[in-house]
Amino acid sequence: MIQQQTIKQNSRGKIFVVSAPSGAGKSTLCTKIIARFPDLAYSVSHTTRLPRDGEKDGVDYFFITVEEFKDRIKKKLWAEWAEVHGNFYGTSLKFIEDKIAQGKHLLLDIDVQGAKQFKRSFPEAVTIFIMPPSIVTLEQRLKKRATDSDEVITKRIANAQGEIAQSSFYDHIVVNDDLERASSQMLNIINSEIADK
Ligand code: 5GP
């Protein structure tokens, strides 16, 4: 009986929660990691913000209205949700529960407030914070990316400082000073957690 229970528990997927200030290189890192682990799926979030050029519904995000989002808050359908840079973002509770019950490993890219909420519901989740080498580098990256106005960049930098101040909450901190080095550190973390299963 005990053995059966252990097997059942161990067959659940592992959850990796990744947060980073915008411009810290998280998307590039996550794409690299997903490509290396066929058993690791990206958890597609829901958002009320408008799609950026090239973003696809159901791939990058599920783009929904503020009304739909608030309705799902009322119905308690979010594993976590947060308002980030003036838009709502949320992770579907059913999606997470279904995937981990099927033994799939999941990678969540969510902000610091969301990561804290998520960890309360799923304490077994492994949290990773991607640290930019410095605020100056972060500002340079955001300007180079040229997807946001100066006003939005200033807002993102201010948010970044607040997020970095909370990084000690995370199980692991990966400094993204060099993409190859940072991705191999992340791969090691994920490999050792999955091997631990
Ligand atoms: P962006 O609009 O640049 O794609 O994302 C802005 C921020 O929202 C990022 O920090 C990202 O991690 C966060 N985010 C994306 N999806 C979710 C989510 O489902 N929940 C929470 N709490 N944050 C999210």
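Each ligand, and each atom within it, is numbered from 1 in the order the structure gives. Computed over heavy atoms, backbone and side chain alike; hydrogens, waters and symmetry mates excluded.
For residues 28-43, every residue pair satisfying the side-chain hydrogen bond (donor to acceptor under 3.5 Å, both in side chains) rule, not counting sequence neighbours, is listed here: Lys32-Glu180.
In this structure, the separation between CG on Leu142 and CG on Asp150 is 11.0 Å, given to the nearest 0.5 Å.
Between the Asp171 side chain and the Thr127 main chain, a donor and an acceptor come within less than 3.5 Å of each other. Remark: the backbone N or O of Ile173 is paired with a side-chain donor or acceptor of Gln185 at under 3.5 angstrom.
Residue contacts with ligand 1 do not include Phe118, since none of its heavy atoms lies under 4.0 Å from the ligand. At a 4.0 Å cut-off, not a single heavy atom of Gln113 sits close enough to ligand 1 to count as contact. Heavy atoms of Glu83 stay at 4.0 angstrom or farther from ligand 1.
Which of His46, Arg49, Arg52 comes nearest to atom 3 (O) of ligand 1 through a heavy atom is settled by distance: it is Arg52.
Residue Lys26 has at least one heavy-atom neighbour below 4.0 Å for each of these atoms of ligand 1: 9 (C), 10 (O), 11 (C), 12 (O). Atoms of ligand 1 found under 4.0 Å from any heavy atom of Asp109 (numbered from 1 in listed order, with element): 11 (C), 12 (O), 14 (N), 15 (C), 16 (N), 17 (C), 24 (C). Within the listing of ligand 1, atoms 22 (N) sit less than 4.0 angstrom from a heavy atom of Ala82. Under a 4.0 Å criterion applied to the non-hydrogen atoms of Gly114, ligand 1 contributes the atoms 22 (N). Every atom of ligand 1 with a heavy atom of Arg156 under 4.0 Å away is listed here by number and element: 3 (O). Close contacts between ligand 1 and Ser45 involve ligand atoms 16 (N), 17 (C), 18 (C), 19 (O) [criterion: under 4.0 Å to a heavy atom]. Within ligand 1, counting atoms from 1 as listed, the ones closer than 4.0 Å to a heavy atom of Glu80 are 18 (C), 19 (O), 20 (N), 21 (C), 22 (N).
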Show which side-chain atoms of residues 48-60 pair as donor or acceptor with protein atoms under 3.5 Å away, not counting sequence neighbours.
unit_1, atom_1, unit_2, atom_2, d
Thr48, OG1, Phe88, N, 2.9
Arg49, NE, Tyr89, OH, 3.4
Arg49, NH1, Glu55, OE1, 2.8
Arg49, NH2, Glu55, OE1, 3.4
Arg49, NH2, Glu55, OE2, 3.0
Glu55, OE1, Arg52, N, 2.8
Asp57, OD1, Phe63, N, 2.8
Asp60, OD2, Lys56, N, 2.6

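The protein heavy atom nearest to atom 13 (C) of ligand 1 is Asp111 N, 3.9 Å.
Neither side chain, Thr47 nor Asn87, offers a donor N or O lying under 3.5 Å from an acceptor on the other.
Geometrically, ligand 1 and Trp81 share no nitrogen or oxygen pair separated by less than 3.5 Å. Annotation: Gly90 places an N or O atom under 3.5 Å from an N or O atom of ligand 1; distance criterion only. For Thr91, a nitrogen or oxygen atom sits less than 3.5 Å from a nitrogen or oxygen atom of ligand 1, counting backbone and side chain alike.
Under the 6.0 Å cut-off for aromatic ring centres, Trp81 and His46 do not qualify, their centroids lying 6.0 Å or more apart.
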